A.B. asks: 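The structure under discussion is supplied below as structure tokens; questions concerning it will follow.
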Amino acid sequence: MRYMEDEKGTLYLCATPIGNLGDVSARCLEVLEGVAMIAAEDTRRTLQLLNHFGITKALTSYHEHNKKAKGEYIVKLLLEGKDVAQVSDAGTPAISDPGEDLVKLCIENGITVTSIPGPVAGINALILSGLSAKRYAFEGFLSVNKRHRREHLESIKDDPHTLIFYEAPHKLKTTLEDMKKAFGGDRKIALARELTKVHEEIIRTTIDGAIDIYSETAPRGEYVLVIEGSQATGNEPEPSFWQDMSIKEHVEKYIADGLSQKDAIKAAASDRGAAKRDIYNDYHKELK
Ligand code: SAM
């Protein structure tokens, strides 16, 4: 079971299903079977998972409200050489769930931490959204505090990355209205509901379109909201002054500005993210 030859135990961060029990990995079950203790966000919830797979194991609760004392207890077990698995109610630990503090505490105590990868609602919503998955920002849950929620949205309204939010059904309508104020009603949105479950649904529309849909239908189930990044041209990087210059022209511009040939080559190489030697060679080739 031991991850490496180590007299301390290993902390395994185990991802569990976000709705469909079939998504649990073989390795996750093997780890849950093998550890001395499972630290669960909600022991009753994890017990259902363990019962389903016929695993009997000691459980201890580890959640937002007991993480300080429980974190120390779990670290004590690990220091005694016992392996511990940490699971949240669903999905990947530490992603809008407990885990982050325990990882930090283990690192401080020189304890090996490893992960058993698996479902993350936000990433599955992103890949199903039809929006750009090249660069994205995970925003998690918005605050319940109205002012903080609006400030949060305002601070990212020009972000060009695809934005991922978690949201509870009873807050969805207010959130969509707040998003309209910050991002505008035309912004594309995908609402991913009940992922991996029987009633999985992905609604791909605009913020205005989503507001219309939910003015007639009550939101139900768990949601991830994926929002297109800002398309404002102001987010495009400024074209570089040297973009249309040859390497010789680029280097000579710096020489005309007063740099030595060596420094001009260095500056041009830095602008272009190229090696000095390549710029030097090209410059001298062009001089011939
Ligand atoms: N750790 C989890 C993960 O890896 O995605 C997230 C836990 S967070 C407390 C719960 C939120 O995740 C829900 O409110 C919802 O926004 C999202 N979520 C979890 N399961 C989901 C599902 N099956 N479909 C859509 N969203 C889900």
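These numbers come from a predicted model, not from an experiment. Keep in mind that the numbers below use all heavy atoms, side chains included, and drop hydrogens, waters and symmetry copies.
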A.B. asks: For Ser260 and Ile255, which heavy atoms make the closest approach, and how far apart are they?
C.D. replies: O-CG1, 4.5 Å
A.B. asks: Applying a strict under-4.5 Å side-chain criterion to I, L, V, M, F, W and Y, I'd like to know whether Phe53 and Ile116 cluster together.
C.D. replies: yes
A.B. asks: Would a 4.5 Å heavy-atom cut-off, applied to side chains only, mark Thr196 and Asn124 as touching?
C.D. replies: no
A.B. asks: What residues, two or more places apart in sequence or in another chain, satisfy side chain to side chain contact (heavy atoms under 4.5 Å, CB included) together with Ala15?
C.D. replies: Thr92, Pro119
A.B. asks: Identify the two heavy atoms, one from Leu259 and one from Ala267, that lie closest to each other, and give their separation to 0.1 Å.
C.D. replies: CD1-CB, 4.2 Å
A.B. asks: Can you sort out the partners of Asp89 under side chain to side chain contact (heavy atoms under 4.5 Å, CB included), two or more places apart, ordered by chain and number?
C.D. replies: Glu41, Asp42, Arg45
A.B. asks: What I want to check is whether the side chains of Thr60 and Lys70 have a donor and an acceptor closer together than 3.5 Å.
C.D. replies: yes
A.B. asks: Say whether Val120 and Val103 are linked into one hydrophobic cluster, either directly or through other cluster members, by side-chain heavy-atom distances under 4.5 angstrom.
C.D. replies: no
A.B. asks: Are side-chain heavy atoms of Lys188 and Arg204 found at a separation under 4.5 Å?
C.D. replies: no
A.B. asks: Of the non-hydrogen atoms in Met37 and Leu59, which two are nearest, and what is the gap between them?
C.D. replies: SD-C, 3.8 Å
A.B. asks: Taking side chain as C-beta onward, heavy atoms only, is Tyr12 less than 4.5 Å from Val84?
C.D. replies: no
A.B. asks: If you measure from CG on Asp23 to OG1 on Thr16, what distance do you get to the nearest 0.5 Å?
C.D. replies: 10.5 Å
A.B. asks: Please tell me if the side chains of Thr10 and Val113 come closer than 4.5 Å, counting only heavy atoms from C-beta onward.
C.D. replies: no
A.B. asks: Which pair of non-hydrogen atoms, one from Ala40 and one from Thr46, has the smallest distance, and what is that distance?
C.D. replies: CB-OG1, 3.3 Å
A.B. asks: Under a single-linkage rule joining Ile, Leu, Val, Met, Phe, Trp and Tyr whose side-chain heavy atoms are separated by less than 4.5 Å, which residues share a cluster with Ile203?
C.D. replies: Leu142, Leu153, Ile156, Leu163, Phe165, Leu172, Leu176, Met179, Phe183, Ile189, Leu191, Ile207, Ile211, Ile213, Tyr214, Tyr223, Leu225, Ile227
A.B. asks: Quick one: do Lys197 and Glu222 make a salt bridge, cutoff under 4.0 Å?
C.D. replies: yes
A.B. asks: For the pair Glu201 and Arg193, evaluate salt bridge (charged side-chain N to carboxylate O under 4.0 Å, His left out) and give the outcome as yes or no after the intermediate values.
C.D. replies: CA-CA 5 Å; Glu201 181 184 34; Arg193 194 174 81 81; 2.8 Å; yes
A.B. asks: Got Thr43 and Ile38 here, is their nearest side-chain heavy-atom distance under 4.5 Å?
C.D. replies: no
A.B. asks: Going from CZ on Arg187 to CG on Leu131, what distance comes out if it is rounded to the nearest 0.5 angstrom?
C.D. replies: 10.5 Å
A.B. asks: State plainly whether the residues Lys76 and Glu72 are in salt-bridge range, i.e. N to O under 4.0 Å.
C.D. replies: no
A.B. asks: Sequence neighbours left out, what passes ring pair (Phe, Tyr, Trp, His ring centres under 6.0 Å) with His284? Give chain and number order.
C.D. replies: Tyr280
A.B. asks: Can a donor-acceptor pair be found, under 3.5 Å and without considering hydrogens, that links the side chain of Thr162 to the backbone of Ser132?
C.D. replies: yes
A.B. asks: Do other residues, nucleotides or ligands put more than 12 heavy atoms under 6.0 Å from the OH atom of Tyr283?
C.D. replies: yes
A.B. asks: Between Ser240 and Asp271, does any side-chain donor sit less than 3.5 Å from a side-chain acceptor?
C.D. replies: no
A.B. asks: In Å and rounded to the nearest 0.5 Å, what is the CD to CD1 distance from Glu194 to Ile18?
C.D. replies: 10.0 Å
A.B. asks: Check Gly122 against Val224 and note the closest heavy-atom contact, atom names and distance.
C.D. replies: CA-CG1, 4.1 Å
A.B. asks: Looking only at the side chains, is there a donor atom on one of His250 and Arg272 sitting less than 3.5 Å from an acceptor on the other?
C.D. replies: yes
A.B. asks: Please identify which of these residues, His152, Lys173, Arg149, meets the side chain to side chain donor-acceptor pair (under 3.5 Å) condition with Asp178.
C.D. replies: Arg149
A.B. asks: Not counting sequence neighbours, which residues clear side chain to side chain contact (heavy atoms under 4.5 Å, CB included) with Asn51? List them please.
C.D. replies: Leu47
A.B. asks: Indicate yes or no: at least one non-hydrogen side-chain atom of Thr114 is less than 4.5 angstrom from one of Leu13.
C.D. replies: no
A.B. asks: Is the closest basic N to carboxylate O distance between Lys181 and Glu177 below 4.0 Å?
C.D. replies: no
A.B. asks: When you look at Lys157 and Glu154, which way does the salt bridge (charged side-chain N to carboxylate O under 4.0 Å, His left out) test go after all the steps?
C.D. replies: CA-CA 5 Å; Lys157 68 173 190 221; Glu154 204 50 37; 2.7 Å; yes
A.B. asks: Pair up each side-chain donor or acceptor in residues 95-102 with any protein partner under 3.5 Å, not counting sequence neighbours, and list the distances.
C.D. replies:
residue: Asp97; atom: OD2; partner: Ser88; partner atom: OG; Å: 2.9
residue: Glu100; atom: OE2; partner: Lys104; partner atom: NZ; Å: 3.3
residue: Asp101; atom: OD2; partner: Lys67; partner atom: NZ; Å: 3.2

A.B. asks: Measuring from atom CG of Asn109 to atom NZ of Lys8, what distance do you get when rounded to the nearest 0.5 angstrom?
C.D. replies: 7.5 Å
